[in-house]
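Down below is the structure, laid out as structure tokens.
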Amino acid sequence: MARLTILEHREIADNMRWLLFEAPKDLQYQPGQFLHIRVTDGVDHLLRRPISLCKVDGGRKALGVAYRVGGKGTKLLAGKNVGDTLDVLGPLGKGFKLHEGDRHAILVGGGIGVPPMVELADQLHRNGVKVTAIVGFQSKSVAILIDDLKQYGDVLVSTNDGSLGRQGFVTDYMTDELLASADRFYACGPTPMLRAVQAKMEGRVAGYLSLEERMGCGIGACMACVTSCRLADGSIGYKKVCKDGPVFPAPEVYFA
Amino acid sequence: MARLTILEHREIADNMRWLLFEAPKDLQYQPGQFLHIRVTDGVDHLLRRPISLCKVDGGRKALGVAYRVGGKGTKLLAGKNVGDTLDVLGPLGKGFKLHEGDRHAILVGGGIGVPPMVELADQLHRNGVKVTAIVGFQSKSVAILIDDLKQYGDVLVSTNDGSLGRQGFVTDYMTDELLASADRFYACGPTPMLRAVQAKMEGRVAGYLSLEERMGCGIGACMACVTSCRLADGSIGYKKVCKDGPVFPAPEVYFA
Amino acid sequence: MIDLSVNIGSLKLKNPVMPASGCFSFGKEYADFYDLSQLGAIVVKATTLEPRLGNPTPRVAETPGGMLNAIGLQNPGVEKVIAEELPHLRKYDIPVIVNVAGTTVEDYVAVTERLMDSEDVDAIEVNISCPNVKCGGIQFGTDPAQAAHVTESIKKVSKVPVIVKLSPNVTDIVSMAKAVEAAGADAISMINTLVGMSIDLNRKKPLIANGVGGLSGPAVKPVAVRMTYQVAQAIQIPIIGMGGIMDGEDAIEFLMAGAAAVAVGTANFVNPLACPEIIDGIRQYCEQNGVASVSDLTGVAWK
Amino acid sequence: MIDLSVNIGSLKLKNPVMPASGCFSFGKEYADFYDLSQLGAIVVKATTLEPRLGNPTPRVAETPGGMLNAIGLQNPGVEKVIAEELPHLRKYDIPVIVNVAGTTVEDYVAVTERLMDSEDVDAIEVNISCPNVKCGGIQFGTDPAQAAHVTESIKKVSKVPVIVKLSPNVTDIVSMAKAVEAAGADAISMINTLVGMSIDLNRKKPLIANGVGGLSGPAVKPVAVRMTYQVAQAIQIPIIGMGGIMDGEDAIEFLMAGAAAVAVGTANFVNPLACPEIIDGIRQYCEQNGVASVSDLTGVAWK
Ligand SMILES: Cc1cc2nc3c(=O)[nH]c(=O)nc-3n(C[C@H](O)[C@H](O)[C@H](O)COP(=O)(O)OP(=O)(O)OC[C@H]3O[C@@H](n4cnc5c(N)ncnc54)[C@H](O)[C@@H]3O)c2cc1C
Ligand SMILES: Cc1cc2nc3c(=O)[nH]c(=O)nc-3n(C[C@H](O)[C@H](O)[C@H](O)COP(=O)(O)OP(=O)(O)OC[C@H]3O[C@@H](n4cnc5c(N)ncnc54)[C@H](O)[C@@H]3O)c2cc1C
Ligand SMILES: Cc1cc2nc3c(=O)[nH]c(=O)nc-3n(C[C@H](O)[C@H](O)[C@H](O)COP(=O)(O)O)c2cc1C
Ligand SMILES: Cc1cc2nc3c(=O)[nH]c(=O)nc-3n(C[C@H](O)[C@H](O)[C@H](O)COP(=O)(O)O)c2cc1C
Ligand code: FES
Ligand code: FES
């Protein structure tokens, strides 16, 4: 837990913002982890907002996130200025696991599920893994981070309305050929997308899904954020998105 | 009701602050009226804080108040910066009445009751009324606005601990001679002080007392801020500090 | 054009928003801020048979997301209310709802009878739930049988719709609502304040002179919405929902929970323009969400 | 040196601050933030006879100044709690209080009996007030006779102090407290959450999957302080006060209202260091106000 200073804060698409923090000392992190951010010091918005790590800039010792301004809390957040400090917990949770020996990874991001793919792509790229990023958005006006991803590999874009890239869904890009060439996939986005990706990849490519759930504590103590998982013994049980996730091996995730 | 921009905001004594607003358009006001200020746009501090008008600067079209940083709301207020805007209602209530023909007025202020005396002194002074201001504070470290008052007349200072001016109470300055020379008195400060001033002046000098009470609406609708008064028919009844006051003719005020 | 009108029994309101009793006095003060004809109705401060001084001060305290009050039914008595307060409201083209309080059933009946002599009363709101009056009021608000008895007695003498205002300080609000419905109430308003207390650390005593006070404001909204949701499913008569409404979205929440109209209390103190802004907010929501008539929203959360 | 120690029945606490049940799981997570030995005691998550999955998600929602939760008593069951969760708490030199929940009196008794086999249980907190469990729990929390019955039954089998946790969702909390005192409770903890609801305007449905949830946080503090103040004057056994405590001053408010100790729930989510900071805040208040022993503060607001 620390008060982090805002270094940059700007709009990057309609109601989408980029926020760069000064990194806390001795920063330990994995791509896919999240920050748990208080949006005000007052009591009118008590619960922290979970936002994924998007980019860590080691040189500048800075930590970037990208978020959508939607509800009351993120609206307050959007009003914070460079130089202001925010109460931030984290990075928290289990992030994406990188596997030695992988040569080609497919990264799938939908909407506000795209941000964690940037740091992941960077790390894979540095490890010599070929990156193919497939990203989907509602429309061009809310598309984010495409240029950032292009630094690390191919980026395939789809939008629901066809205003950017191909019209359709991220899964439309998942040809047999592409899947056959990949060692791993990593996905983050809305539940319908994750469900489709899980189905598409099952038995073909091993990978990970990053989930969302409303959170209380963010550290595993309140049981708010549970999600159904296939447990080791084959039964269906709850795991905590904040502590056991947000990233889970894809076969573990059970969509009812 | 308006959002007013902060032009100046600085400490003027221990935990005492000066706050200057841009004046609202078509400002109508009397000395002794108050502003009803929201300290945050959130819901954690719902009730507005009543703060007396201290000084109106017609040339700069600005409105100044002086306040003590005490509880949670004024602490939040103290964090606002020049350029920020605040939601302000007012000026509200009934202020001090100036009487034609008066030649000498005694102004009595205790602690945070001193601020409204500044604008009053200015107006009296401009009307050719001689001003004697008697002000009392806990100690030197919290004494405020003495130099401002000196522009308009004599200022007699007392402190509880003797660290500035005479040690003792404001009433110690109220000699028979002084009272005999005065046409009017105006007082604002803590209840024990007002009670003593009322007793001292009774039957000798006509004047006004400005009262404090916890407020809800500030405009006369909620009945939160009532105070006991001698009504026209001689009975004791409630009047509203926010609407019928905060300034009352001294004989009307009934201290139980 | 969105149809904002709603019916509360035989009362027709041009929109579902009214000030809550006790938070708007008799309207004069807010008339300085806007034309009261914009409102759906006006609900005036609690009126008793004899004048009442109410409680000593401090009468209000701020709490996190809310406030406590213990005004204690200060009012000039029904005679003066009829003679001096109500007539000036005639010039606004809106129903006037008079909040009635008392210590005994006879009190309530007497005030109502007296109000029936006035042309200026369009409905009665029976305040059986004021937590700030030591004797009286509160037992009517917590016992279904007594609530039914006072409702019945008032219904016998009232020529205008009778709205019964429920207290949230009960184990089972649904049985309270059913009891007053069975006793003939034309509508229910809910909720009055939750009984609360703040302690002044300096004086080491309750901050409010009365000790306890009534909690209102956004803090209580989840309790009010829950009770509205439960009661609406159990009764047929309309509900005026309230408790912490600050903006149009809060009002929509109550409508979806099952309220036919809403009342706005504490928000008036925060923002004197709260009522007209909430009306605008409701209209905007309807426009943006294709709602043709605001009454279509009532109870959609469970229908 | 300020004496921060307090007694809850035969339990000696080094200071009056403990986490509230359900807000601290079994302590492991917060042990990453500070040494749990600093606490006055630890209260663990509700434990039932069989494992429970709890309610579907969403299980929490933010409300103004508070939050709703409907976790629904998710827990691994008493066997696993004894085997896997409690032993690691032994290394902290503080009493362990186990929150017990169930659907029938037999459930409560069975869990308690089983817990008596463990060396790691210093007190039982009887959760008769969880609003998030459809059948069971709630009726014990709203009916004095049933509350007394479950208290008595547990007292018969418990070898450690029995604390009964009261629900605020009642008309008369004082009679609940008196009933469980008469039935042998060693202490009372209060309050559990108020039943509330938020409606999701987009989905036009209650936001929490369970429909209703329990309201906690600063929003409920005035209700909790009021109830503590009323109950403390009516009973002889000590009270553990809670509801919206965020800092040392809030804790002092509960002590002055009549609590002997306090519990901290929601604040842990806002600030993982809430408990140690509240202990510091209490110590500071005592220093600055010449309070030699924190237990001197209990009930000063009415004594
Ligand atoms: C692990 C994780 C990582 C995330 N990463 C990102 C990211 O990188 N960029 C981004 O824009 N968004 C991200 N989200 C979603 C983000 O947390 C929500 O959009 C945000 O909390 C909504 O807050 P609000 O103030 O706009 O909405 P409000 O409606 O005011 O929120 C009220 C409460 O509900 C919770 N809440 C509301 N919507 C969601 C949601 N969809 N998921 C979880 N909690 C919710 C809030 O956290 C808060 O507690 C992530 C969510 C999770 C769980
Ligand atoms: C007509 C009037 C004029 C005033 N003028 C000034 C002034 O010029 N300068 C100045 O420093 N103070 C003035 N005060 C007092 C000032 O309003 C309070 O000190 C201030 O509201 C306390 O707020 P807080 O956030 O510090 O305290 P908190 O304890 O956080 O306040 C909580 C609530 O209690 C109310 N409250 C607390 N103390 C008082 C009090 N003493 N009087 C009235 N309400 C109170 C607050 O308004 C708020 O609603 C005036 C009061 C009144 C009634
Ligand atoms: C200052 C104040 C005075 C009130 N007086 C009355 C009253 O006289 N009669 C009544 O039925 N309710 C009274 N109430 C309760 C409100 O009408 C309303 O039920 C409650 O405040 C909840 O709504 P809110 O959260 O919008 O304020 C009063 C509330 C406040 C804050
Ligand atoms: C997420 C959450 C889970 C809870 N679980 C339990 C529980 O298992 N047993 C119980 O007795 N109380 C439970 N409570 C209630 C708290 O212990 C406490 O009584 C209540 O939250 C009020 O305190 P607070 O405002 O400090 O949170 C829970 C509260 C929350 C917020
Ligand atoms: S948010 Fe509390 S356990 Fe995950
Ligand atoms: S503060 Fe509402 S009447 Fe004075």
Side-chain angles (χ1 to χ4, degrees), chain A residues 1-3 28 36-50 70-76 86-93 191 211-229 231 233 235-245 254-256, chain D residues 19-20 22-34 44-46 51-76 200-202 207-209 213 216-219 221 244 246-247 250 265-274:
Chain A
M1 202 179 45
R3 282 202 82 91
Q28 303 282 324
H36 214 25
I37 304 178
R38 267 195 94 178
V39 293
T40 161
D41 291 327
V43 301
D44 34 353
H45 297 282
L46 277 185
L47 297 182
R48 292 168 180 270
R49 267 56 177 175
K72 292 183 176 173
T74 46
K75 266 179 203 142
L76 264 179
L86 287 173
D87 179 346
V88 177
L89 207 57
L92 298 176
T191 304
L211 304 183
E212 254 188 44
E213 204 43 79
R214 288 194 178 233
M215 291 185 179
C217 65
I219 61 170
C222 75
M223 316 279 171
C225 66
V226 295
T227 193
S228 295
C229 281
L231 305 184
D233 64 3
S235 67
I236 305 297
Y238 280 142
K239 293 206 170 187
K240 300 174 204 161
V241 169
C242 71
K243 182 96 178 178
D244 304 318
Y254 177 79
F255 293 113
Chain D
C23 301
F24 212 72
S25 199
F26 295 93
K28 267 196 218 95
E29 294 77 15
Y30 288 95
D32 290 346
F33 288 89
Y34 60 91
V44 301
K45 175 87 194 141
R52 291 222 196 169
L53 270 181
N55 293 318
T57 61
R59 289 176 166 190
V60 293
E62 189 179 77
T63 69
M67 63 176 283
L68 292 169
N69 90 79
I71 307 298
L73 300 183
Q74 178 178 350
N75 83 96
D200 183 335
L201 296 196
N202 295 321
L207 201 155
I208 299 247
S216 63
K221 193 182 66 169
M246 300 296 285
D247 57 27
D250 293 338
T266 305
N268 293 294
F269 308 157
V270 180
N271 173 11
L273 297 175

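Lettering of chains follows the sequences in order, A, B, ..., and the numbering in each one begins at 1.
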Side chain, backbone, both or neither: which part of D:Phe26 has a non-hydrogen atom closer than 4.5 Å to chain A? neither
CZ-CG distance between A:Arg48 and D:Asn271, expressed to the nearest 0.5 angstrom: 7.0 Å
In Å and rounded to the nearest 0.5 Å, what is the CD to NZ distance from D:Glu29 to A:Lys240? 5.0 Å
Any donor and acceptor pair, going by atom type alone, linking the side chain of D:Glu62 with main-chain N or O of A:Leu47 inside 3.5 Å? yes
Closest non-hydrogen atom pair between D:Gln74 and A:Met223, with its separation: OE1-CB, 3.9 Å
So, the part of A:Lys243 with a heavy atom under 4.5 Å from chain D: the answer is side chain
Max heavy-atom pairs within cutoff under 4.5 Å with chain A, candidates D:Val270, D:Thr63, D:Leu273, goes to D:Val270
I want to check something: taking the side chain as every heavy atom from C-beta on, are D:Asn268 and A:Cys222 in contact at a cut-off of under 4.5 Å? no
For A:His45, is it the side chain, the backbone, both or neither that has a heavy atom under 4.5 Å from a heavy atom of chain D? both
Shortest non-hydrogen contact between D:Tyr30 and A:Ala221, atoms and distance: CE1-CB, 3.4 Å
Step by step, work out the side chain to side chain contact (heavy atoms under 4.5 Å, CB included) result for A:Thr227 and D:Thr57. CA-CA 8 Å; A:Thr227 193; D:Thr57 61; over 6 Å; no
Steps toward side chain to side chain contact (heavy atoms under 4.5 Å, CB included) verdict (A:Leu46, D:Met246): CA-CA 11 Å; A:Leu46 277 185; D:Met246 300 296 285; 3.8 Å; yes
Under 4.5 Å from any heavy atom of chain D, what part of A:Arg38 do you find: side chain, backbone, both or neither? side chain
In terms of heavy-atom contacts, D:Pro272 and A:Leu89 come closest through CG-CD1, 3.7 Å
Where do A:Ala224 and D:Val60 come nearest, in terms of heavy atoms and distance? CB-CG1, 3.4 Å
Examine whether an atom of D:Leu207 lies under 4.5 Å from a heavy atom of chain A, and if so say whether it belongs to the side chain, the backbone or both; otherwise answer neither. side chain
Heavy-atom pairs under 4.5 Å with chain A: which of D:Pro64, D:Gly54, D:Ala267, D:Ser25 has the most? D:Ser25
Looking only at non-hydrogen atoms, find the nearest pair between A:Tyr238 and D:Leu53 and report the distance. CE1-O, 3.0 Å
